J.: 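Got a structure for you, written out below as structure tokens; questions coming shortly.
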Number of protein chains: 2
Amino acid sequence: LVTTTALANDKLVEMQENASDWVMQTGNYANWRWSELDQINKDNVGELQVAWTMSTGVLRGHEGGPLVIGDMMYFTTPFPNNVFAVDLSDEHIIKWKYEPQQDPNVIGVMCCDTVNRGVTFAPGEGDRPDIILLQQADTTVVALNAETGEVVWEAVNGDPAKGETATMAPIVVKDKVMVGISGGEYGVQGHLTAYDLNTGEQAWRAYSTGPDDQILFDPENTTHLGEPVGADSSIKTWEGDQWQLGGGTTWGWFSYDPELDLIYYGSGNPGTWNPSQRPGDNRWSMTIFARNPDDGMAKWVYQMTPHDEWDYDGVNEMILADLEIDGQTRKTLVHPDRNGFSYTLDRETGELLVAEKFDPAVNWATEVVMDPSSDQHGRPQVVEEFSTAANGEDVNTTGICPAALGTKDQQPSAFSPKTKLFYIPTNHVCMDYEPFRVSYTAGQPYVGATLSMYPAPDSHGGMGNFIAWDAAVGEIKWSLPERFSVWSGALATAGDVVFYGTLEGYLKAVDAETGDELYRFKTPSGIIGNVTTYEHGDKQYVAVFSGVGGWAGIGLAAGLTDPTAGLGAVGGYASLKNYTDLGGQLTVFALPDRVTSGQ
Amino acid sequence: LVTTTALANDKLVEMQENASDWVMQTGNYANWRWSELDQINKDNVGELQVAWTMSTGVLRGHEGGPLVIGDMMYFTTPFPNNVFAVDLSDEHIIKWKYEPQQDPNVIGVMCCDTVNRGVTFAPGEGDRPDIILLQQADTTVVALNAETGEVVWEAVNGDPAKGETATMAPIVVKDKVMVGISGGEYGVQGHLTAYDLNTGEQAWRAYSTGPDDQILFDPENTTHLGEPVGADSSIKTWEGDQWQLGGGTTWGWFSYDPELDLIYYGSGNPGTWNPSQRPGDNRWSMTIFARNPDDGMAKWVYQMTPHDEWDYDGVNEMILADLEIDGQTRKTLVHPDRNGFSYTLDRETGELLVAEKFDPAVNWATEVVMDPSSDQHGRPQVVEEFSTAANGEDVNTTGICPAALGTKDQQPSAFSPKTKLFYIPTNHVCMDYEPFRVSYTAGQPYVGATLSMYPAPDSHGGMGNFIAWDAAVGEIKWSLPERFSVWSGALATAGDVVFYGTLEGYLKAVDAETGDELYRFKTPSGIIGNVTTYEHGDKQYVAVFSGVGGWAGIGLAAGLTDPTAGLGAVGGYASLKNYTDLGGQLTVFALPDRVTSGQ
Ligand SMILES: O=C(O)c1cc(C(=O)O)c2c(n1)C(=O)C(=O)c1cc(C(=O)O)[nH]c1-2
Ligand SMILES: O=C(O)c1cc(C(=O)O)c2c(n1)C(=O)C(=O)c1cc(C(=O)O)[nH]c1-2
């Protein structure tokens with residue numbers, strides 16, 4: 001039976017096959033951030049030039065990147081989340097600009113800068129035009145007519161007065177758009193919510209914590225490491241009603257496997273960073289979810305960091321790739337987690353295949369237990385010295401690696417089906433962490449810890465590495481030291497080049513096999529956007545946002561100077577101000593005609 | 001007698017001879033905006049590439065440009081007027097950044113965006129270090145140690161509570177720094193003020209209007225068109241005390257002739273734009289001044305627009321060049337005025353040599369009378385139809401060309417000693433002007449006219465031209481039509497190239513002889529900065545600010561949409577929003593190594 005629903009789905013699947021376009025933030029449903037384009041390749045990338053540039057008219061952290069569909073480019077800015085439609089075939093004219101009217105008070109309850117990870121495209125169908133979807137900082141989900149910029153519908157996903165905000169890029173699956181929510185530092189009960197693409201009506205909502213009918217779990221059929229979760233799997237891991245402030249927000253990247261018909265995403269930290277205040281595993285914070293996109297029901301889950309004591313949100317991207325493991329091709333999901341372990345799971349069943357540290361500095365746990373027969377199966381083995389729960393409230397636990405912003409945070413990795421390697425932008429940062437008792441007031445920070453951050457000791461002195469990761473075995477193939485965390489997303493291409501940006505503002509291109517640097521260019525501001533590529537008029541372009549900010553750049557972005565301000569990030573990145581300043585620009589690169597015309 | 005004073009002067013004169021540096025905003029004391037560098041020339045400029053970029057961290061109108069002295073680059077931003085020192089030899093690191101603390105209320109009394117036309121360099125001498133001078137928006141003049149960014153001294157030049165603000169770049173002559181003041185739309189009595197470079201103490205102040213001891217006129221020796229001005233030359237051209245609100249502000253470009261030891265600058269419009277409220281010639285508004293830099297005494301003056309009825313401020317740059325006129329080499333001063341006439345004067349005597357329209361659209365006057373024996377000598381012959389005074393209060397005079405922002409506004413011209421041509425960025429805009437009665441309240445707008453602006457009718461439809469002007473005869477050599485006013489400053493080079501920027505954001509390079517376009521690049525935002533060039537490590541660079549704004553871009557910069565808002569500029573430039581958005585970036589261009597190494 002071919003339903004119209006299935007058709008819409010097919011259209012988006014088909015569109016991502018077209019390498020000329022960049023039809024979704026993640027490159028494809030599998031989150032590869034990969035392009036088949038190879039006009040720019042490892043032999044000529046050194047000749048890259050800036051082709052055109054554009055200011056977004058907004059400062060602070062520019063995450064995400066532009067979408068390209070045919071002649072049109074679409075992107076959004078940090079708060080106030082202006083959306084631009086730019087005509088690539090006509091002098092880059094701004095065909096329309098959508099300027100949401102948002103209460104600026106929302107800025108005060110955004111934990112980690114005024115970022116937005118981008119707009120999402122939904123192909124038209126029947127009466128429905130092509131649509132550009134945005135979740136604004138204030139959680140309003142808005143569907144814009146891609147042709148005119150007119151509002152087709154709006155939906156309210158949360159309430160900033162309770163600390164509910166939004167930064168993530170929606171995902172469109174079939175006739176629905178799914179969005180997450182931010183506010184883990186405000187006691188928000190995280191959820192994933194699906195809206196009807198035609199009307200904006202809510203189709204379903206799946207909380208990360210709470211009773212089974214709120215988390216959309218089937219006690220018999222939803223599994224954790226192969227076992228049914230049983231009834232009340234979330235609420236029995238919390239004291240009393242604490243799950244209501246349980247965090248587990250959903251502000252990261254989502255993926256979808258059309259064949260298995262499952263969506264994947266992770267949940268963030270449990271509510272309050274003071275672990276002593278919330279005994280238990282705090283399920284399902286810090287968890288990977290596989291859900292049915294039609295009704296939201298969970299097929300399987302896996303909790304990476306039970307009873308988090310370090311703010312190691314589990315929201316990082318899930319990259320869907322078929323890898324050969326122990327001689328067998330497996331449908332895997334690869335997830336480099338904030339806690340410093342990169343997990344390779346069977347994405348159909350949730351079976352844990354690999355869990356290895358992707359930064360040797362990681363010290364809070366020795367390993368993740370892989371033996372299915374152990375009662376510790378899948379659990380990290382915490383090192384007592386670095387347990388902020390064991391050390392207790394008002395004790396400063398020092399030297400924890402990674403810091404709260406993890407070995408990797410929102411900055412998404414890329415995957416090359418040619419090299420079978422995962423290119424991961426990482427942090428190389430450690431921390432001191434002192435939990436303290438905090439009480440909940442709606443709309444007020446519910447954090448309960450004082451942090452300070454610094455480069456990983458006894459290493460290269462820098463705060464980041466850009467690495468190539470072999471997820472089939474869990475090994476670093478190569479690692480490029482960086483002065484600061486690599487807070488930008490990577491792009492891998494069929495030209496055997498991998499691109500990423502740095503906090504100082506360099507766009508860098510490296511050899512996909514060896515990591516050798518092939519090109520660098522200093523863009524106007526620190527890069528925390530994600531590199532994208534597209535083709536227009538027979539020319540391949542590489543595009544990236546500049547605009548320093550995000551959690552790593554919050555000192556610059558928000559003008560903070562106290563080292564423990566910005567949830568502890570300000571001190572570690574203080575010297576960033578010598579390298580760059582606030583910005584908000586798109587820089588687009590291409591090869592000179594001389595090169596593309598075959599020299 | 002070689003005094004230390006004379007030495008300081010010599011040092012700056014000497015430094016401007018060094019084409020590697022860009023030691024003053026105007027290129028040299030003569031305001032040529034010319035460079036002897038010719039690595040980039042008309043044959044290879046088409047291969048220009050973006051070499052590096054930098055965001056200033058501030059949005060809105062970026063006028064002026066960077067200075068380069070050796071390995072260091074210095075620049076300032078629009079309000080809050082942050083000053084950057086950037087190390088060209090070390091990854092463009094921000095060596096220091098000065099962040100003035102200014103009351104943001106000053107923004108509300110800046111007439112034409114939050115612009116600043118740049119910092120000024122003063123070479124060290126004795127105990128005094130090299131200094132970077134800035135006049136902040138709030139009129140504080142600050143001297144910064146060029147090495148460290150520390151404040152050496154500060155002086156207060158005006159009071160924003162009375163509408164006194166600042167936007168201009170100071171000029172250093174011998175042991176003094178001279179600054180002007182803005183506020184012609186607030187009834188400010190304009191003045192030029194000199195401060196001691198060592199101490200910041202006021203040396204002298206010369207008002208534009210008022211009694212002789214305030215305007216520093218010698219009734220016997222100060223001349224107007226060759227005649228002594230006589231006593232009370234200013235106050236007798238005003239009714240009662242009106243000269244106290246007389247305007248004549250001094251926010252443009254200054255020049256200096258070391259040989260004649262004279263500084264040159266112009267004064268702005270008389271107070272209130274409603275001419276009926278201030279009968280008389282309103283001297284010395286709208287006037288070119290030649291003054292002695294040591295004591296401020298005026299040698300000669302020339303009033304271009306007596307009794308202004310159109311806001312044709314006379315502040316545009318004075319370019320000092322020796323030109324052959326009627327077979328004789330004359331020491332001239334060339335001044336393309338806002339009123340649409342370009343004036344060539346003898347800069348020693350103030351004799352009027354040429355006064356011709358530099359846009360054929362100019363219609364408010366038929367000519368400037370050149371006959372010295374006429375009682376109309378030097379006066380424009382006003383066309384009654386376009387006289388807002390003749391038509392009177394509350395009457396809308398329509399179709400006046402140019403508009404209030406003139407055939408040229410602050411955007412400075414360049415001069416090539418090779419072609420002997422002046423490259424003038426112009427406006428091609430006309431207006432309707434309706435004066436109304438207004439009363440004075442300190443710190444409140446004292447404008448008294450409603451304006452609307454539009455492209456010059458029956459022409460190419462655009463709002464600007466970039467022209468080459470032969471100032472010896474007063475003729476347009478060539479004229480390039482532009483969609484919008486060319487609000488950026490030009491640069492001419494020994495490579496036979498002329499550069500300018502457009503409001504859409506293009507940097508353009510044209511052939512100095514023919515005007516043929518040789519190169520264009522779309523920078524991140526509209527360009528109202530002035531193009532500069534320098535050499536570093538054997539490479540020639542061309543640098544320009546992007547950041548749309550200024551009066552022409554005030555709609556975008558301040559978010560205004562009512563067509564008559566922004567003193568009438570919003571409507572005419574409304575479509576600019578389709579081409580660019582707010583920004584604040586430096587883009588630096590160079591030739592690829594392949595080209596500079598001789599292919
Ligand atoms: O708990 C949350 O709801 C939440 C939200 C966000 C966000 O929405 O950006 C971040 C985080 N947490 C967070 O822990 C974090 O490290 C982080 C980094 C960034 C960023 O954009 O740089 N956002 C967030
Ligand atoms: O009368 C004044 O004091 C005054 C000041 C300024 C300024 O300081 O920028 C401008 C003007 N007038 C003015 O008339 C004008 O056209 C203008 C344009 C600009 C600009 O930077 O785009 N400033 C000013």
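Everything quoted here is computed from the prediction, not taken from an experiment.
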J.: With a 4.5 angstrom heavy-atom cut-off, is it the side chain or the backbone of A:T587 that approaches chain B, or both, or neither?
T.: neither
J.: If we define contacts as heavy-atom pairs under 4.5 Å, which of A:Y579, A:F521, A:W52 has the most with chain B?
T.: A:F521
J.: Just by distance, do the side chain of A:S525 and the backbone of A:D581 share a donor-acceptor pair under 3.5 Å?
T.: yes
J.: Taking the side chain as every heavy atom from C-beta outward, state whether A:P524 and B:M54 have any atom pair closer than 4.5 Å.
T.: no
J.: Check for me whether A:K522 meets the cation-pi criterion with A:Y506, that is, NZ or CZ under 6.0 Å from the six-membered ring centre and within 45 degrees of the ring axis.
T.: yes
J.: Could you have a look at A:G547, A:G505, A:A51 and say which one has the most heavy-atom pairs with chain B under 4.5 angstrom?
T.: A:A51
J.: With only heavy atoms counted, which part of B:K577 is less than 4.5 Å from chain A, the side chain, the backbone, both or neither?
T.: backbone
J.: Tell me which of these, A:L582, A:V548, A:V86, has more heavy-atom pairs under 4.5 Å with chain B than the rest.
T.: A:L582
J.: Examine whether an atom of A:V58 lies under 4.5 Å from a heavy atom of chain B, and if so say whether it belongs to the side chain, the backbone or both; otherwise answer neither.
T.: backbone
J.: In terms of heavy-atom proximity below 4.5 Å to chain B, should A:S546 be classed as side chain, backbone, both, or neither?
T.: neither
J.: Backbone N or O of B:F84 within a donor-acceptor pair of the B:Y98 side chain at under 3.5 Å?
T.: no
J.: Judged by atom type as modelled, is there a donor-acceptor pair below 3.5 Å linking the side chain of A:T76 to the main-chain atoms of A:N82?
T.: yes
J.: If only atom types and distance count, is the side chain of B:N81 paired as donor or acceptor with the main-chain N or O of B:T77 below 3.5 Å?
T.: yes
